[in-house]
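Quick caveat, the model's predicted, so the values are computed rather than measured.
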Amino acid sequence: MRRTPLFAAILTLGFGGPVHAAEGAQFDGSALKPMLQSDSLVFNGVTRSADGRVFSPFQRQTKDKGIELGEWKDGKPVAYPNEAWNAWKQGDDPAKAFVAVNAIRMGPDDDLWVVDKGAPGLGESPLPGGAKLVQIDIAKNEIRKIYPLDAAVDEKGFIDDFRFNGRKVYLTDAGRPGLVVLDLDSGKLRRVLDNHWSMIAQRPLTGQGRVLRDDKGKPLAIHADQLEVSPDGKTFYYQACTGPLYSIETRWLDDEGASDEERAKHVKLFAPTVATGGTAIAADGTIYSSDTDALRVLKIAPDGTTSTLVQDPRLVWVDAMWIDEEGGLWIPAAQMNRTPAMNGGEASAVKFPTTIFRLEIGAKPLRN
């Protein structure tokens with residue numbers, strides 16, 4: 001791997017906090033309001049519709065048991081859009097049910113969009129037809145359309161998360177480092193920046209200061225993962241799970257004629273983030289990013305200046321966050337680092353109940 005001066009610089013960041021982090025936090029733990037809790041389920045994200053419906057992706061802790069996508073009703077998650085889509089087991093058609101949901105979000109069209117990585121276990125290969133982006137009409141609670149991702153994913157693929165930019169969708173591949181660009185009108189898929197060093201995790205994944213291992217005891221490396229698009233749609237931010245955060249103009253991603261060699265010239269270091277579970281971006285361009293070691297949420301200004309928004313011992317592995325229409329940041333404390341898939345296959349150390357908090361930040365949401 002070619003080591004550029006920028007790459008050499010990020011290696012000096014180590015395991016500590018961002019180099020520009022301010023002393024202290026903007027909020028203390030008392031500002032965190034528990035909104036939803038589960039005594040048995042592990043979730044790794046949250047999204048909320050404009051009319052207040054809340055959804056989460058769930059991570060099965062027992063093979064072939066539990067839900068993958070749920071809507072919170074009366075404080076409890078219910079299989080969504082129905083039981084059948086959540087009942088997949090080995091031998092079933094992976095194209096017609098959720099194999100392993102990894103990310104969800106309300107789209108700019110007010111539909112619920114869902115990424116299914118299509119692999120039944122962390123580190124396993126996607127099943128034929130399993131990797132897909134699913135669009136759900138929440139007014140009818142029905143699948144509107146399925147975008148197969150097989151053409152852009154190989155046996156090492158792990159489609160992780162996604163963001164919209166007009167009629168384009170950008171999806172990170174955390175298994176085979178790179179980015180997938182989906183044209184919603186044509187369904188065409190392209191891969192860009194494959195194996196570029198900015199897409200590759202430069203150190204093992206950590207949580208609460210501990211190196212995380214898969215169920216076989218091997219240190220985990222999650223490559224291209226978190227991503228956001230600027231309010232004007234012109235800048236794309238992304239990182240491996242362990243940071244740092246990079247940027248590139250979206251025109252270089254959208255230009256089918258550009259080579260990856262040319263794109264690579266336009267990658268910039270944006271902010272020295274560390275091990276991260278999830279992010280969210282506000283309408284003013286501020287990015288909120290979790291720190292899975294220091295149990296905090298960072299606030300990254302549009303110029304890259306970084307400070308601590310809130311820090312609390314309950315914020316264990318904050319994953320994909322969401323900003324609601326009323327100016328609240330929804331913060332799921334996912335505890336993913338305590339699950340068997342990340343703690344070397346040992347028995348779950350998750351401390352129930354798992355909790356989704358809300359923090360009033362006065363920000364406006366960005367849906368792109």
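In the hydrophobic cluster analysis, where Ile, Leu, Val, Met, Phe, Trp and Tyr join through side-chain heavy atoms closer than 4.5 angstrom, Leu184 is grouped apart from Leu253. In the hydrophobic clustering of ILVMFWY residues, with side-chain heavy atoms under 4.5 Å counting as a link, Leu269 and Met199 come out together. One hydrophobic cluster, built from ILVMFWY side chains closer than 4.5 Å, cannot hold both Ile159 and Ile143; they sit in different ones. Residues Leu227 and Trp113 do not share a hydrophobic cluster, defined by chaining ILVMFWY side chains whose heavy atoms lie under 4.5 Å apart. Val318 and Phe357 fall within the same hydrophobic cluster, where Ile, Leu, Val, Met, Phe, Trp and Tyr residues are linked whenever their side-chain heavy atoms come under 4.5 Å apart, directly or through other members.
Summarising the geometry, atom CG belonging to Leu329 is positioned 9.5 Å from atom CZ belonging to Phe27; distances are rounded to the nearest 0.5 Å. Within the model, atoms CG of Leu298 and OG1 of Thr276 stand 7.5 Å from one another, a figure rounded to the nearest 0.5 Å. Atom CG of Leu315 is separated from atom CG of Leu32 by 5.5 Å, given to the nearest 0.5 angstrom. A distance of 10.5 Å separates CZ in Arg367 from CZ in Arg163, rounded to the nearest 0.5 Å. A distance of 9.0 Å separates OG1 of Thr242 from CD of Gln226, quoted to the nearest 0.5 Å. In this structure, CZ on Arg53 lies 6.5 Å from CG on Asp51, to the nearest 0.5 angstrom.
Side-chain contact check for Asp183 and Tyr147: no donor-acceptor pair (N or O, by modelled atom type) lies under 3.5 Å. Residues Thr273 and Gln239 bring a donor and an acceptor atom of their side chains to less than 3.5 Å of each other.
The aromatic rings of Phe164 and Phe162 sit perpendicular, their planes meeting at an angle over 60°, well past the 30° parallel limit. In this pair, Tyr237 and Phe270 present their aromatic rings tilted. The plane angle is within the 30 to 60° band.
Summarising the geometry of Pro77 relative to Leu41, their closest heavy-atom pair is CG-CD1, 3.4 Å, with the distance given to 0.1 Å. Counting all heavy atoms, side chain and backbone alike, Ile67 lies closest to Ala79 at CG2-CB, 3.8 Å. Across all non-hydrogen atoms, the minimal contact from Pro126 to Lys117 is CB-O, 3.8 Å. When all heavy atoms of Pro219 and Val211 are compared, the closest pair comes out as CB-CG1, 4.3 Å. Taking every heavy atom of both residues into account, Arg338 and Asn343 meet most closely at O-ND2, 3.3 Å. The shortest non-hydrogen separation linking Pro231 to Ile281 is CD-CD1, 4.4 Å.
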### Query
Would Val316 and Leu295 count as a side chain to side chain contact (heavy atoms under 4.5 Å, CB included) if you check the C-alpha gap in whole Å, the side-chain angles of each, and the deciding distance to 0.1 Å?
CA-CA 6 Å; Val316 179; Leu295 308 186; 4.3 Å; yes
### Message
Test side chain to side chain contact (heavy atoms under 4.5 Å, CB included) on Asp324 and Arg358; report intermediate values, then the result.
### Response
CA-CA 10 Å; Asp324 64 29; Arg358 182 181 184 274; 2.9 Å; yes
### Derivation of the side chain to side chain contact (heavy atoms under 4.5 Å, CB included) call for Arg48 and Met35
CA-CA 12 Å; Arg48 182 177 180 265; Met35 299 296 290; over 6 Å; no
### Message
Walk me through whether Met336 and Val42 qualify under side chain to side chain contact (heavy atoms under 4.5 Å, CB included).
### Response
CA-CA 8 Å; Met336 292 295 291; Val42 175; 3.8 Å; yes
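Using modelled atom types, no side-chain atom of Glu68 and backbone atom of Ala87 make a donor-acceptor pair closer than 3.5 Å. In this structure, Gln335 contributes its side chain and Lys351 its backbone to a donor-acceptor pair below 3.5 Å. Without hydrogens or angle criteria, Gln202 side chain to Trp197 main chain gives a donor-acceptor distance under 3.5 Å. Side-chain atoms of Asp255 never come within 3.5 Å of backbone atoms of Trp252 as a donor-acceptor pair (strictly under, hydrogens ignored). Between the side chain of Ser38 and the backbone N or O of Thr354, no donor-acceptor pair lies under 3.5 Å. Judged purely by atom type and a 3.5 angstrom limit, Thr286 has no side-chain atom pairing as donor or acceptor with the backbone of Ile300. The backbone N or O of Tyr80 sits less than 3.5 Å from a side-chain atom of Asn86, completing a donor-acceptor pair. Of the possible donor and acceptor atoms, one in the side chain of Ser125 sits under 3.5 Å from a partner among the backbone N and O of Glu155. Judged by distance alone, the side chain of Asp214 and the main-chain N or O of Leu220 form no donor-acceptor pair under 3.5 Å. Formation of a donor-acceptor pair under 3.5 Å by the Asp225 side chain with backbone atoms of Ala174 is not found in this model.
Between Val114 and Phe55 the shortest side-chain heavy-atom distance does not fall below 4.5 Å. In this structure the side chain of Glu228 never reaches within 4.5 angstrom of the side chain of Leu366, judged on heavy atoms. Two residues are said to be in side-chain contact when any heavy atoms from C-beta on lie closer than 4.5 Å; Met342 and Trp317 meet this criterion. Tyr238 places a side-chain heavy atom less than 4.5 Å from the side chain of Ile248. At least one side-chain heavy atom of Pro244 sits under 4.5 Å from a side-chain heavy atom of Tyr246. Residues Glu325 and Pro365 form a side-chain contact, since some pair of their non-hydrogen atoms from C-beta on lies under 4.5 Å apart. Val134 is not listed as a side-chain neighbour of Leu69, based on a closest heavy-atom distance of 4.5 Å or more. Between Asn337 and Thr292, the closest side-chain pair of non-hydrogen atoms is not below 4.5 Å.
Applying the salt bridge (charged side-chain N to carboxylate O under 4.0 Å, His left out) test to Arg176 and every residue at least two apart in sequence or in another chain returns Asp154, Asp194. Qualifying salt bridge (charged side-chain N to carboxylate O under 4.0 Å, His left out) partners for Asp215, counting only residues two or more places apart in sequence or in other chains: none.
A salt bridge is absent between Asp254 and Arg251; no separation between the charged side-chain nitrogens and carboxylate oxygens falls under 4.0 Å. Salt-bridge formation is detected for the pair Arg314/Asp312: a Lys NZ or Arg NE/NH1/NH2 atom is positioned less than 4.0 Å from an Asp or Glu carboxylate oxygen.
For the side-chain hydrogen bond (donor to acceptor under 3.5 Å, both in side chains) with His266, the qualifying choice from Arg263, Glu262, Lys268 is Glu262, the only one to do so.
Less than 6.0 angstrom separates the ring centroid of Phe98 from the ring centroid of Trp85.
Residue pairs meeting the side-chain hydrogen bond (donor to acceptor under 3.5 Å, both in side chains) criterion with at least one member in residues 126-139, sequence neighbours excluded: Asp109-Gln135, Asp111-Gln135, Asp116-Lys132, Asp137-Arg144.
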